[in-house]
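Below: one structure, written as structure tokens.
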Amino acid sequence: MTDDTKRPSDDPSPDEGSVVLDAKGLRAMAHPVRVQLVGLLRKHGPSTATRLAERLGVNSGTASYHLRQLGAAGFVEEDTERGNARERWWRSVHRTTWFNDPELAEREPEAALAYQQSVASIYALRTQQTLNDLQTMPRVWRERFDLSDWVLRLTPEEATALYQELWGVIGRYRRDTPENAATAPAGAERVGVITHFLPELSTPAPDAEAP
């Protein structure tokens, strides 16, 4: 993920290094460029506005502006150990973002929608980038790539239980943190696991008696 996670309010608590969006943070992140900037800093580590702009295909002035806004909101900070008088380096303050407040989404519907649309677009982009690289991947990793979907008919309570079970399974595996990356066994690579719960309320139940 851009390491951005949306979860039901009764799921396990965020771990250390996570930020839970409040109204100010949600408004600050309600822009696709800012979501992408945070994601790039988390994935690749500290960088400059110029280098980030090249990755995003925007001009450096745009990247600098959004980095300053993210800095004011507490999502990124200047990496003073790397920076100099001519070039500012930035790093992410957190590893993951959690958005889990239905009431906040109701109070800030435009910001919530903009943020969620940005995250969804980035997930789609990450999938396409992996597809573009698939043919040049080692076979062992090509065989692990998967795009699957299952259509279930659940109550809201069952959907929450399913999410919690999936969260429990994923939580048993090694998170991609700098500390874990340094001690991971040989052959371990970064793997993105993206979950989507997509209620399709406009699809009625089929007629069981129909031929």
Compare every heavy atom of Tyr115 with every heavy atom of Met29, then report the nearest pair and how far apart it is.
O-CD1, 3.6 Å
Listed by chain and number, what are the ring pair (Phe, Tyr, Trp, His ring centres under 6.0 Å) partners of His31, not counting sequence neighbours?
His66
Partners of Tyr65 by ring pair (Phe, Tyr, Trp, His ring centres under 6.0 Å), sequence neighbours excluded?
none
Quick one: do Val93 and Leu41 end up in the same hydrophobic cluster if we chain Ile, Leu, Val, Met, Phe, Trp and Tyr together by side-chain heavy atoms under 4.5 Å apart?
no
Tell me, please, which residues at least two apart from Arg153 pass side-chain contact (heavy atoms from CB on, under 4.5 Å).
Ala205, Pro206
Between Ala112 and Phe99 the two heavy atoms that sit nearest each other are CB-CZ, 3.9 Å
Looking only at the side chains, is there a donor atom on one of Trp89 and Thr48 sitting less than 3.5 Å from an acceptor on the other?
no
State the CD1-CD distance between Ile170 and Glu165, to the nearest 0.5 angstrom.
12.0 Å
Heavy atoms of other groups near Arg55 CZ, more than 12 under 6.0 Å
no
Which residues share a side chain to side chain donor-acceptor pair (under 3.5 Å) with Asp146, sequence neighbours left out:
Ser148
Taking atom types as modelled, is there a side-chain donor on Arg42 or Thr97 under 3.5 Å from an acceptor on the other?
yes
Which distance, rounded to the nearest 0.5 Å, do you find between the CZ of Arg190 and the NZ of Lys43?
5.5 Å
Going by the side-chain contact (heavy atoms from CB on, under 4.5 Å) test, name the single residue among Leu26, Asp101, Asn100 that passes it with Leu21.
Leu26
Side chain to side chain donor-acceptor pair (under 3.5 Å) with Asp133: which residues, sequence neighbours excluded?
none
Sorted by chain and residue number, the side-chain contact (heavy atoms from CB on, under 4.5 Å) partners of Ala184 (sequence neighbours excluded) come out as Arg174, Ala188
Is there a side-chain contact between Arg82 and Pro46, using heavy atoms and a 4.5 Å cut-off?
yes
In one Ile/Leu/Val/Met/Phe/Trp/Tyr side-chain cluster, 4.5 Å: Leu147, Val140:
yes
Residues Ser60 and Thr50: side-chain donor-acceptor under 3.5 angstrom:
no
In terms of hydrophobic clusters joined by side-chain contacts under 4.5 Å, are Trp141 and Leu134 together?
yes
Pairing residues for Glu110 by the side chain to side chain donor-acceptor pair (under 3.5 Å) criterion, not counting sequence neighbours
none
State yes or no: do Leu40 and Ile194 share one hydrophobic cluster built from I, L, V, M, F, W and Y residues joined by side-chain heavy-atom distances below 4.5 Å, directly or via other members?
yes
Closest non-hydrogen contact found for Ala30 with Ala111 is CB-O, 3.6 Å
Could you tell me whether a side-chain N or O of Gln128 sits under 3.5 Å from a main-chain N or O of Leu125, the two making a donor and an acceptor?
no
Could you tell me which residues satisfy side chain to side chain donor-acceptor pair (under 3.5 Å) with Glu77, sequence neighbours excluded, listed by chain and number?
Arg91
Taking only residues two or more places apart in sequence or in another chain, which ones pass side-chain contact (heavy atoms from CB on, under 4.5 Å) with Thr177?
Arg95, Arg175, Glu179, Asn180
Distance-minimising heavy-atom pair for Trp90 and Glu78:
CE3-N, 3.9 Å
As an exercise, state the distance from OG of Ser64 to CD of Gln69, rounded to the nearest 0.5 Å.
11.5 Å
Keeping to residues at least two apart or across chains, list the salt bridge (Lys or Arg N to Asp or Glu O under 4.0 Å) pairs with something in residues 20-40.
Arg27-Glu108
If the condition is salt bridge (charged side-chain N to carboxylate O under 4.0 Å, His left out), which residues does Glu143 pass it with, not counting sequence neighbours?
Arg139
Is the shortest heavy-atom distance from the side chain of Glu189 to the side chain of Arg144 under 4.5 Å?
no
Taking all heavy atoms of Ala63 and all of Leu37, pick out the closest pair and write down the distance.
O-CD1, 4.0 Å
Tell me, with the steps shown, if Leu131 and Phe145 meet side chain to side chain contact (heavy atoms under 4.5 Å, CB included).
CA-CA 9 Å; Leu131 284 168; Phe145 175 79; 3.6 Å; yes
Side-chain heavy atoms nearer than 4.5 Å, only ILVMFWY residues, links allowed to pass through others: does that put Tyr163 and Leu152 together?
yes
Counterpart residues, side-chain contact (heavy atoms from CB on, under 4.5 Å), relative to Ala159 (two or more places apart):
Leu154, Phe197
Please give me the minimum heavy-atom distance between Arg51 and Ser47, naming the atom from each residue.
CB-OG, 3.3 Å
